Structures are given as structure tokens and as C-alpha cells.
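Worksheet: the structure to be examined is printed underneath.
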Amino acid sequence: MKNLLLISLIIICISQNSISQNSILQSSMSKNTELNWNFQDPRTNQIYPLGVKGSVQEGLISNKLMPDPFDQLNENLFGWVEDYKWTCTSELQLTAVDLNHKFIKLEFPSIDTYADVYVNDSLVLTTNNAFKSFSVDIKNVAKVGNNSIKVIFTPPVIFHRAEYDTMPYHLPAINDVSPIAIASMVRKPQYQFGWDWALRMVTMGFNKPAVIHVYNVNRLVQTNVQTKNISDNSAELDFSMHFDQNLVANSTYYWSSQLNGKRELTSDGSKILTFPIEVNNPKLWYPKGHGDPNLYEDKWTLSDKNGNILAQQDVVYGIRTADLVQNEDQWGTSFEIWVNKKPIFCKGGDYIPQDIFLARISTEERLRMVEMMDQANFNMVRVWGGGMYADDDFLAACDKKGIMVWHDMMFACSVYPGDSAYLKNVEEEFDYQIPRISSHASLVLFNGNNEVDVAWKNWGFQLRYGIHGKDAKAVEENYDKLFKVLAPNTIAKYSNIPYVHTSPLSNWTEKEMFDHGTQHYWGVWHGKDDIEEFSRKIGRFNAEYGFQSFPEFSTLRTFSYPEQWNLDSAVMKHHQKSYVGNGMIEKHAKRLYGKMQNFETFVYYSQLTQAKAVSIAVAGHRVDAPRCMGTLFWQLNDCWPAPSWSSIDYYNNWKALQYEMRKDFKNVTMVQRINKLEEEEYFFVSDLNDTVQSKIKMTAYNFKGKIKETKEIDVKMIGLGSLSIIKAEKIDDHKDNLVVNFEWQDENGILCSRQFVHEPDNYHEADQKDFTVEIIENDSLNKRIAIKINTDKFLNDFWLS
Ligand code: BMA
């Protein structure tokens, strides 16, 4: 082959999947109604429609009272919203039949956050936690006909102002951008107070629709299946049903199921019925790459002694064990996730809420995110602690795909209170969230918080916030109460999912720290390290590390005009929320690719630099296995259109990084480890437990297509491992620019290939004349487009948007 002919077909395929949610079938005597809300503009007292869910900020936007906060500098226009209390109203029609029921419950699955709820002008409920489901019986204030419901929201800063002003010391909440930084006092997604990738939008309203439940006996609110033990041919499980009301003590209930027979159960008078079940020859749930993610689809029915059905529900569960192994070993302290008693090398990223407005993230959007994780060969996602607990549809999709979930409790980068009222509030939050989340087979780890421990010990909080002596001691005691007692105890009450009190367990500032437990390596972005340090500074489990980039132009266009497309424009500066700033992107991009002529090149280089940085890290991590057993890059996605560490932008456009991860995360693949810039070493890696055998064919070309070297080697890899195939310096005397192509067979015997570029004399820009782009298929119905790129030149890092 004289010339390289690169013809790429890019097929963008968006599949629309739907997952049916577990439905709770109540007795035929019940009703389940969503409330529809109006809100009042406190400046004019005018009433406007809000809908069944959403925040007052979204109401202001949809009623054209406020502009899009993402556009240009508009975020700044929203501050006043936090200066007012907000009233939302709704009406509820009840019939005489409804009122004859024993319970008329008004339920708020996620009300945001401080609210007083009135029904027919009586105060029935006061709320204080957006992470908890509130439900109140309104029977004694309800009437036949029209019932008025009024909710008055108090903004968090107003709610905590007096307390804040008189506190002996302020609780560090460094991402809260308000001068009255109260984020850590509020049980509400922390990123909405401001973050280094988020605007500030302290929403007030309904993250999920409020619902009325009318029923007579009881209501099933949650089911849960836990795997206790798996032996050769049977599994011991715990099944449980969680009800709204306490069950009658010592009374007998009759449980039946489609898959697991029948049981007679006696209640202990609590809200939960738990009973053991043994399953013979279980088909286990495995993470992707290690077997099928088998799930059981069952239907459970609970009846009383007269045969009346009390509850019926479809239940999907998986059988697997999950363990966290932390052993002292030859390197330090391990951190390994074991599923079904086998260690799993974990690959994926950190997930943040998909929007600053939680109510507008649809099931479809969440499923699409899981689909994209799957496409990039993730086998794990970490639900990060400064956001929101994951929805069931997201977790159910992870169950189906075999993507393991590491779930943080919702605490991040701050110091949290530990008084009894606060702990009780959090306990109720855990009592709601843990049975729900842990019912998913994909859940393999609960983590107490993101960087709370490391922040207190290393970020200078004591000095900056003047917290010394007994106050410092109180901070530490509060930490222990919350993350070393309450969280693990509550988790153990409902599940046997492993728990760790924080991530990372080790800071990144000293070499020795990389040998123990989890690591968030921020030395490149927040420090002064060069990008290739990513291949050297490797923790035992890398739960965060990353580099920023800009989103593509179709996304930039949604919030800025071309005349603002420069790094000095107010809009670009405003959307960059990291204190480190765009200079860091420039610095590393320039070193790797040379000077940038214009903003367009800067955006393009930013994505290449990000992809390169993270890929260097992943290659290092994979080659380091089994010393290193996990690699989760920061961060998968965005909550608004802006530069950030994400691999997928707010509009779901893949950055170069996401494409690179898809290659780096394959179970069996070739990776390029950077020992030093331009000193690459190519490794064959596998993270499977099975033996992989393959012939690896290397062909090295120069950029004109001339073959410089070929090599074939037979490899046999038994279990997780890596094998050095060749160093770049050994190919063609290390002189020329090279395209190094590898071919191998993957675990299924399928022929795969990957190309790397070894470019000692730096980056070359292609000439527009060197290629043509043709659309050969445009199927708008299925959102599919096929494109043909014709060239007789070697093109690398080709960007099409
Ligand atoms: C990590 C995260 C986030 C933050 C990111 C980038 O530590 O936990 O707090 O956005 O750093 O600075």
C-alpha cells in the first residue's frame, strides 16, 4: 500500500430505549393523582402556571418573566429570586368516596427545600430536605370538593441567615459562591450553590411531582432484594417489602410470587417485612465483560388472611455479591471491588446531575446517558456526592447493562454539621434513599462523601475559617458521627453493600499517598504537574482525575455569539467556573500541539489535550493493574453548556475524550503508555479473568504511507494483566513521525485494530484541500447520518461537527 487511504464512516446512532419502572399496584380502592401547580411572582403578586414539577426559576423562564440563565451572562440576573419567599398553589378535587378512605396522603418525593405546606389554610407539613420523600396525612383537613393546597418556599440563605450571623465559626463550603455561604447546612444538591463547573441556581420548587395517595389499609413503597451468600449451586437472599404504615404486630400475611413460591409471614409491627429466600442454580448478575448481567423479573403479591390483596408489585432483581477488599500488600493498601468473589478492574467516569434544573432531566435523557456510558465501554459509574441521588430509571438501566454503580452519599468538599436535629434529618434521608438505591444489582459501593475528609485535613480550612481547639475537635467528632456511625449503620440496616467513609482515602501531594486506597489525582489541573505525570502518579483506585476542554461550536453557539468567541470575552470568562481558568488549557495545549492561531483552534486543541491527558492516565492505570484496580475519570457530563472536565457536553455531544475512552476502556485492547512525551510504549491489556490468546500484528508507517516496520507476536494472557509489545524508540530508529497500527483478536475472537501516532516533530495541521466530506445517508427519523470522508493523506484527530 503506497498511500494511506482513510475512509471513515461515522454513524451517529441514538437509540431510544425505554425501561418500565416498577409500578406499585395498590388495592383497587386507591387513587394516585399528581398535583398541578401555579406560582405567584412576589414582585407583582401575579399568578403563573408552573406544571406538575419544576422550580420557580423554571416557572419564571417558561412564562417569559426571566431569560434563559445559560445564555451569555444571564445567570447574574437570577440572584434576586433568592431574596423572596415564593408561594405555589394547587387544587385537589376529592369525592365523598375518597374521603371515606382511611388515609389521604399528600406525598412530595423531592421538595426543594424549605417549605410550609398548607391544605385548606391549615399548616400540615414543614419540609427541610430535598433528598427525602415527605408524606403527610391530610384526612382531617380535607373536604369533599375543591381543596386548596399552598406551599410557601423560603430561600435557603434567608432560612439560615440568623443562625449564620451568630455561629461561633462558619462551616466551610468553598464552592458556595454567595458571601453568605450556607450550602453545607442545607440538605439540597450542593452544586446548585455554585461549583467549579456549575452556575449558581438555588432552585425552589418540586424536583418531582407531588402526589395524592388515597387508600385504606397500607401502601407498599419499596421492595428490596439483597444477596447474602452464594454457594456452588444456590444463593441465599433476603427479600423485603417496605410499607408506608406500620404493619399490625404478630399478624400473618401471605406472600406469593411468580418465581419464588409462597410464604406465610408474621409482622414484627414495623413497616418492613423481611424474609429469607433460597434460589437454586442462580443465574448470577455480572458486570460487563465478566458475564451476563442476569436479572430476574418477578411479581410479588401480599394478601391478608381473608385473601384481600394488600399490595402487588413487579420486582426486578439481580443475584450477586459485592465486596470491597482493602488489604495491606506489597505496595501499600489495596482498594478492590469484588463481584461474585472475583476482583473487577473498574473503568468509567464520575456522573453529575444532567442539568442545573433537576426537574427537567427526563427518563429518556438519563437512559441516553447510560447508553453512552455503555458505548464508551464503562463497566462502572460513580454517582458523585455534590449532586443528587440517582433515579431508579438510571440505576435500572445500569442493572441491565452490567454497569456497576459506586454511589456517594450527597456530601462534597465542605464541613457538615453534626447536631442531633441535623443528624436526624440525614438519618431520615438515608432511611429513604438506601433501601431504594441498594435494591439495584448494579450497586456495588456506597461512599460517605466526596473529599470532605481530605478537604478538612489539607485545604487549610482551620486557618481560613478560624476553626481551632474545641471547635476543630467538634468538626472531627461530627464527621465521625455522620460518616463513621450513622451512614454505615443505616446502610447495614437495609443492605450488605460495602461502604467506605470518604473518597479519596489518600491525598495526592506526596508520593507515598498513591500506594493507599482511593486517589483523586489533581496535580495537573490544580497543581503544576506536566500531563505525562498522569502515567506516573497512579493510585490503587483512581476515582477522579481529569482535564478541562471546551464544548464544540454548536454548543458554544447556544450561549454566545461569534463575536464573543475569544478567551477574553466576558461571556467566555463567565462560563469558565474553575479558578484555575483557561490559561491551564492553553499552557498544556501549546506544549503538546503548538501555538494556537485563533479561538477555533484553541477549542479543537482543548479537546485533543483533554483526550490525550486522560488517555495517558487510563493507559497508565491499566498497565499498572493489579496494583491499580480502578480508573474513573472526572467527569462524564455537564449540567449546563460550558467548558469543563466532561467527556460529553450538556447537549450530549461527545468530545474527543469520550471517543478515546471508548478505545481505552475496551476489555482487551492496545494502549499507549507515555513514559515521557514522545517515549511511548505499546501494551496489550486485558481486564478479564479469562485467558486471552491472540496474534498481534504491528505495522508502522510514516505519514506518507511508507511501511517502516512490521512485527507479529503471539500473546497469551491469563487473567487481568498487560504485556509490553514494543517501545516507540525501537521502531524505525525513533526518527520519523509514525503511524503505529496494531491488529489483534479480542476475547470473542473478533479482529480489532487501533492506531497510534508517534510524532516527534510535533503537530501538523491538515490542509482543507486534502479531503472531501460527503453525506451518504441522512435518516432524520432515526437521527442517523452516514458520512464519507475521502482523502489520500493520513488524517488523524479528524473533527467533524
Ligand atoms: C474534584 C471534584 C469536584 C470538582 C473537581 C474539579 O475534586 O470532586 O469537586 O469539580 O474536582 O475541580
Side-chain angles (χ1 to χ4, degrees), residues 172-177 181 183-184 189-200 348-354 356 381-388 406-416 447-461 483 500-509 513 517-529 534 537 539 541-550 575-585 588 606 610 613-614 617 630-640 642-650 655 657:
I174 48 157
N175 288 294
D176 184 330
V177 294
S184 56
Q190 303 282 281
Y191 77 112
Q192 293 176 325
F193 293 90
W195 214 265
D196 61 0
W197 37 261
L199 67 166
R200 179 182 179 93
D350 291 275
Y351 172 71
I352 61 162
Q354 288 172 244
I356 196 74
V381 62
R382 170 171 170 232
V383 179
W384 170 77
M388 186 58 165
W406 153 333
H407 207 304
D408 287 5
M409 312 317 273
M410 293 299 123
F411 304 87
C413 306
S414 308
V415 167
Y416 290 92
N447 166 38
N449 63 68
N450 175 72
E451 300 183 351
V452 172
D453 187 52
V454 94
W456 172 249
K457 290 176 179 158
N458 302 283
W459 295 1
F461 282 175
F483 299 115
V500 64
H501 71 94
T502 192
S503 183
L505 289 164
S506 296
N507 200 23
W508 54 267
T509 43
M513 294 169 171
T518 44
Q519 177 62 235
H520 296 183
Y521 169 50
W522 283 108
V524 177
W525 186 264
H526 292 287
K528 289 200 173 78
D529 287 357
F534 276 125
K537 301 212 169 134
F541 192 115
N542 304 279
E544 280 183 19
Y545 55 89
F547 194 82
Q548 274 208 2
S549 73
F550 269 58
H575 279 243
Q576 172 56 274
K577 298 295 188 186
S578 169
Y579 74 94
V580 175
N582 296 326
M584 188 60 88
I585 304 178
H588 290 282
S606 79
Q610 180 192 36
V614 177
T631 180
L632 306 176
F633 69 87
W634 183 263
Q635 70 202 68
L636 171 63
N637 59 314
D638 278 331
C639 71
W640 77 318
S644 84
W645 296 262
S646 72
S647 60
I648 298 175
D649 77 20
Y650 175 74
K655 294 177 173 176
L657 173 59

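Counting convention: from 1, in listed order, for ligands and their atoms alike. Not measured: the values here are computed from a predicted model.
- Between Trp195 and Trp197, the ring planes lie tilted relative to each other; the angle falls in the 30° to 60° range.
- Ring orientation note: the planes of Phe541 and Trp406 are tilted relative to one another, at an angle of 30° to 60°.
- A donor-acceptor pair shorter than 3.5 Å cannot be found between the side chains of Asn449 and Tyr416.
- No side-chain donor-acceptor contact under 3.5 Å links Asp176 to the backbone of Ala181.
- Below 30°, between 30° and 60°, or above 60°: for Trp522 and Trp645 the angle between ring planes is above 60°, a perpendicular geometry.
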Atom pairs, nitrogen or oxygen, ligand 1 to protein, under 3.5 angstrom:
{"from": "ligand 1", "atom 1": "7 (O)", "to": "Glu451", "atom 2": "OE1", "distance (Å)": "2.8"}
{"from": "ligand 1", "atom 1": "7 (O)", "to": "Glu451", "atom 2": "OE2", "distance (Å)": "2.3"}
{"from": "ligand 1", "atom 1": "7 (O)", "to": "Trp522", "atom 2": "NE1", "distance (Å)": "3.3"}
{"from": "ligand 1", "atom 1": "7 (O)", "to": "Glu544", "atom 2": "OE1", "distance (Å)": "2.8"}
{"from": "ligand 1", "atom 1": "8 (O)", "to": "Trp384", "atom 2": "NE1", "distance (Å)": "3.2"}
{"from": "ligand 1", "atom 1": "8 (O)", "to": "Asn450", "atom 2": "OD1", "distance (Å)": "3.4"}
{"from": "ligand 1", "atom 1": "8 (O)", "to": "Asn450", "atom 2": "ND2", "distance (Å)": "2.8"}
{"from": "ligand 1", "atom 1": "8 (O)", "to": "Glu544", "atom 2": "OE1", "distance (Å)": "3.2"}
{"from": "ligand 1", "atom 1": "8 (O)", "to": "Glu544", "atom 2": "OE2", "distance (Å)": "2.9"}
{"from": "ligand 1", "atom 1": "9 (O)", "to": "Trp195", "atom 2": "NE1", "distance (Å)": "3.1"}
{"from": "ligand 1", "atom 1": "10 (O)", "to": "Trp195", "atom 2": "NE1", "distance (Å)": "3.4"}
{"from": "ligand 1", "atom 1": "10 (O)", "to": "Asp196", "atom 2": "OD1", "distance (Å)": "2.5"}
{"from": "ligand 1", "atom 1": "10 (O)", "to": "Trp197", "atom 2": "NE1", "distance (Å)": "2.8"}
{"from": "ligand 1", "atom 1": "12 (O)", "to": "Asp196", "atom 2": "OD2", "distance (Å)": "2.5"}
{"from": "ligand 1", "atom 1": "12 (O)", "to": "His526", "atom 2": "NE2", "distance (Å)": "2.7"}

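- Every side-chain hydrogen bond (donor to acceptor under 3.5 Å, both in side chains) that His520 has, sequence neighbours left out, goes to Glu451, Ser503, Glu544.
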